[in-house]
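Below: the structure, in structure tokens.
These numbers were taken from a predicted model, which means no experiment stands behind them. Chain letters run A, B, ... following the sequence lines, proteins first and then strands; every chain starts at 1.
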Amino acid sequence: MPIMAGALAVVAASSSLAADRDEGGDSKHGFQAKLEYCKTCHGLSGEGYRGYFSMPRLAGQQPKYIENQLRAFSERRRVNPVMFNVAHVLSPATLAALSAHFKALNPPPSGGGPKEHLALGKTIFEEGLPESNVPACSACHGPEAKGHEEIPRLAGQLYPYTLQALSYWGKERGQGGTRDDTSAIMVPTTHNLTQEQMSAIAAYLSYMK
Amino acid sequence: MRLVSLDVDIAAPRDMTRRHSTVATFTLAAVLFAGPLSAQEQLPIRNCTWCHGSSAQGFANAPRIAGQTRQYLEMSLQSFKNHARDNPYSKQYMWGATANLDAEMAHGFAAYFSELPAEPANDGDAALEDQGKAIYSEGLPDENVVSCIVCHGPKAQGYERIPRLGGMGYAYLKRRLEQWGEGYHAAAEPMPRIARNLTTNEINALASYLSFIK
């Protein structure tokens with residue numbers, strides 16, 4: 001018995017850096033640990049984070065949209081090497097629990113978009129641009145940009161993330177051609193927008209509560 | 001392995017006092033005799049380069065600061081001054097070095113050193129480079145370790161307050177990664193949470209890979 005206790009003490013002393021890597025597997029791989037892992041990049045309140053790349057806001061996001069996107073990452077229909085690695089180890093049950101958790105979060109928007117064209121952004125969001133056949137964002141994403149089912153919430157999304165998404169339809173999402181992707185509608189929706197108009201929309205959304 | 005590295009890290013300040021007393025004295029002298037500066041005077045660059053190397057590429061225990069992001073350098077100087085950055089070498093050297101640093105000078109130093117060209121240290125273990133690259137790019141999803149690339153960038157070039165890591169010295173990178181897990185610099189979220197899930201072998205691999213990036 002004393003010998004065993006000594007051996008245990010040595011093990012404990014030599015593994016403090018990743019103490020629970022081989023023990024307490026349940027806590028390591030459980031829901032809380034996975035949630036903390038998501039929030040490391042997406043923010044402690046799911047508010048999003050701007051690193052070299054933009055990690056989008058997940059707070060308040062529609063669960064169905066999150067689940068769709070994680071499946072798309074995993075099946076490489078949405079091409080993103082980092083999120084592929086993240087998504088393909090998630091079980092359906094974990095995925096559903098994570099989506100439900102993020103839906104319930106409601107931190108204030110982090111803002112950050114340039115402010116000079118907010119009025120233009122608001123106009124496009126609410127009314128679209130009839131002269132270039134751009135529909136109002138609010139028609140599908142809702143008057144408060146909260147989204148619905150597979151249509152994502154846009155309110156409070158990070159400016160650089162929205163801006164990139166707006167100019168990137170068809171290059172990242174809907175790949176592989178084996179299944180329909182709901183984002184396909186965004187290609188004709190946005191393709192008449194100028195860079196300045198995209199920036200205005202993304203900036204407006206970044207401040208929306 | 002783990003105990004050996006702990007020994008080096010924690011005991012280092014005491015050893016340093018003996019081994020690098022000359023450098024420390026020089027630094028102290030430079031700080032003491034620099035005197036107050038007006039905005040028009042040149043920055044006392046040599047106060048930094050005594051320790052960080054004459055071309056700021058890092059020297060002995062002092063990391064490379066050449067080519068680091070301006071925002072990170074400026075933030076670091078503030079976090080030494082307000083003692084948020086509390087690892088042993090920070091306490092021993094940088095707390096004193098920044099004690100009388102004003103915001104304007106910190107800004108000037110950061111701007112100056114961020115513009116200098118940076119050389120890779122190339123001093124990691126080449127046998128661990130591929131493993132380090134995989135962790136850097138992909139993380140360890142099963143272990144809930146996030147990838148480094150999303151914040152630090154594809155060439156580890158950093159972004160604003162997120163530091164450039166590519167080409168930093170192996171020992172410095174290893175020490176920092178270990179110290180997050182030991183509770184130092186706890187205010188610097190999210191790094192403590194990320195690094196505490198890394199094993200010693202994974203830290204060695206990451207530090208090796210990063211040391212070779214140009």
Mark yes when over 12 heavy atoms from residues, nucleotides or ligands other than E144(A) sit less than 6.0 Å from its CD; otherwise mark no. no

Does any heavy atom of chain A fall under 4.5 Å from the side chain of I194(B), the backbone, both, or neither of them? side chain

CG of N201(B): more than 12 outside heavy atoms within 6.0 angstrom? yes

Interatomic distance, OG1@T40(A) vs CE@M191(B), rounded to 0.5 Å, equals 10.0 Å

Using non-hydrogen atoms and a 4.5 Å limit, figure out which bit of L90(A) sits close to chain B: side chain, backbone, both or neither. neither

In Å, rounded to the nearest 0.5 Å, how long is the span from OH of Y49(A) to SG of C151(B)? 5.0 Å

Do any of residues 152-165 of chain B have a heavy atom less than 4.5 Å from a heavy atom of chain A, and if so, which, in residue order? H152(B), G153(B), P154(B), Q157(B), G158(B), Y159(B), I162(B)

Heavy-atom count around H148(A) NE2 within 6.0 Å, excluding the residue itself: above 12? no

State, to 0.1 Å, how close R193(B) and K39(A) come at their nearest heavy-atom pair, and which atoms those are. NH2-O, 4.1 Å

Is the number of heavy atoms from other residues, nucleotides or ligands under 6.0 Å of K122(A) NZ greater than 12? no

Closest non-hydrogen atom pair, V82(A) against S137(B): CG2-O, 4.0 Å

Take N144(B) and E36(A) through the test side-chain contact (heavy atoms from CB on, under 4.5 Å) and record every step on the way to the result. CA-CA 8 Å; N144(B) 296 324; E36(A) 189 174 326; over 6 Å; no

Say you draw a straight line from CZ of F53(A) to CD1 of I149(B); how long is it, rounded to the nearest 0.5 Å? 5.5 Å

Sort by residue number and list every member of residues 113-128 of chain B having a non-hydrogen atom under 4.5 Å from chain A. none

Would you say the side chain of V86(A) lies within less than 4.5 Å of the side chain of P141(B), judging by non-hydrogen atoms? no

Assess whether salt bridge (charged side-chain N to carboxylate O under 4.0 Å, His left out) is satisfied between E143(B) and K34(A), documenting all intermediate values. CA-CA 9 Å; E143(B) 303 297 342; K34(A) 190 55 78 179; over 6 Å; no

